[in-house]
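These notes are about the structure you will find just below.
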Amino acid sequence: NAGVTQTPKFRVLKTGQSMTLLCAQDMNHEYMYWYRQDPGMGLRLIHYSVGEGTTAKGEVPDGYNVSRLKKQNFLLGLESAAPSQTSVYFCASTPRPPRQETQYFGPGTRLLVL
Amino acid sequence: GESVGLHLPTLSVQEGDNSIINCAYSNSASDYFIWYKQESGKGPQFIIDIRSNMDKRQGQRVTVLLNKTVKHLSLQIAATQPGDSAVYFCADMDRGRRALTFGSGTRLQVQP
């Protein structure tokens with residue numbers, strides 16, 4: 001049981017390049033989330049998914065797209081990276097709220113956009 | 001929009017002392033609250049949670065207190081250890097949106 005895993009762990013992009021961050025969980029959780037964390041700040045929700053095939057916008061969705069084609073995977077895409085998207089990205093998952101609310105986080109992906 | 005915030009950005013305590021980390025939230029629709037611990041280079045780790053129908057919940061060395069009247073949340077760590085040094089985040093969940101809103105974090109430094 002690996003929990004929540006994220007790939008890659010670290011990436012450097014040039015402005016305008018695209019990339020996809022992968023989040024995978026093996027706990028059969030219904031809900032999955034993508035957050036970004038900037039220095040000295042808390043986590044801010046980008047997008048989330050309440051089940052396979054569904055996604056919803058969070059607090060800071062602009063410049064990102066997501067897909068949940070399989071229950072265990074949640075992909076975060078940057079179509080045209082900007083320096084403002086330099087951040088640490090965390091994925092999280094949770095069983096079906098509201099019975100179980102606790103979110104389990106992955107180790108993070110550090111992204112640097114030059 | 002409404003957000004969760006913290007009173008103190010850095011807290012320094014002596015090993016063995018008790019620590020109290022405070023948090024204020026503003027969303028009156030929040031009904032679930034979590035404390036996370038984040039060590040350098042790692043993702044947030046769940047510590048303890050509490051629902052809005054409770055005002056206190058205890059864990060192994062931690063206690064969370066919730067005061068809904070003043071929208072205040074606190075985390076108490078008993079007999080603080082060097083391994084407790086980390087950034088602590090409070091977060092609340094809106095009963096309608098089912099997504100967490102995080103505070104900016106408090107860094108706890110434990111002095112030997």
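Naming: A, B, ... by sequence-line order, numbering from 1 per chain. All values reported here derive from a predicted model rather than from experimental measurement. No hydrogens, no waters, no symmetry mates; every other heavy atom, side chains included, goes into these values.
Of the atoms belonging to A:Q37, it is side-chain heavy atoms, and not backbone ones, that fall under 4.5 Å from chain B. Contacts between B:Q38 and chain A at a heavy-atom distance below 4.5 Å involve the side chain alone, from C-beta outward. Interface residue A:R110: only side-chain heavy atoms are found under 4.5 Å from chain B.
The ring of B:F102 has its center closer than 6.0 angstrom to the ring center of A:Y35.
B:Y25 and B:L65 are not part of a single hydrophobic cluster, where members link through side-chain heavy atoms under 4.5 Å apart. A:L43 and A:L78 sit in two unconnected hydrophobic clusters of ILVMFWY residues. Membership requires side-chain heavy atoms under 4.5 Å apart, directly or through other members. Residue A:Y64 is not grouped with residue A:L45 when hydrophobic side chains (ILVMFWY) are merged at heavy-atom distances under 4.5 angstrom, including chains of intermediate members. Tracing side-chain contacts under 4.5 Å through hydrophobic residues (I, L, V, M, F, W, Y), one reaches B:V87 starting from B:L100; they form part of the same cluster. Hydrophobic clustering (side-chain heavy atoms under 4.5 Å, transitive across Ile, Leu, Val, Met, Phe, Trp, Tyr) keeps A:I46 apart from A:V50.
Residue with the most contacts toward chain A among B:G41, B:G43, B:P44: B:P44 (heavy-atom pairs, distance under 4.5 Å).
Proximity of A:T102 to B:D49: side-chain heavy atoms (C-beta onward) are separated by under 4.5 Å at one or more points.
One N or O on the side chain of B:Y36 and one on the backbone of A:Q103 form a donor-acceptor pair closer than 3.5 Å.
Other residues, nucleotides and ligands place no more than 12 heavy atoms under 6.0 Å from the CD atom of A:E79.
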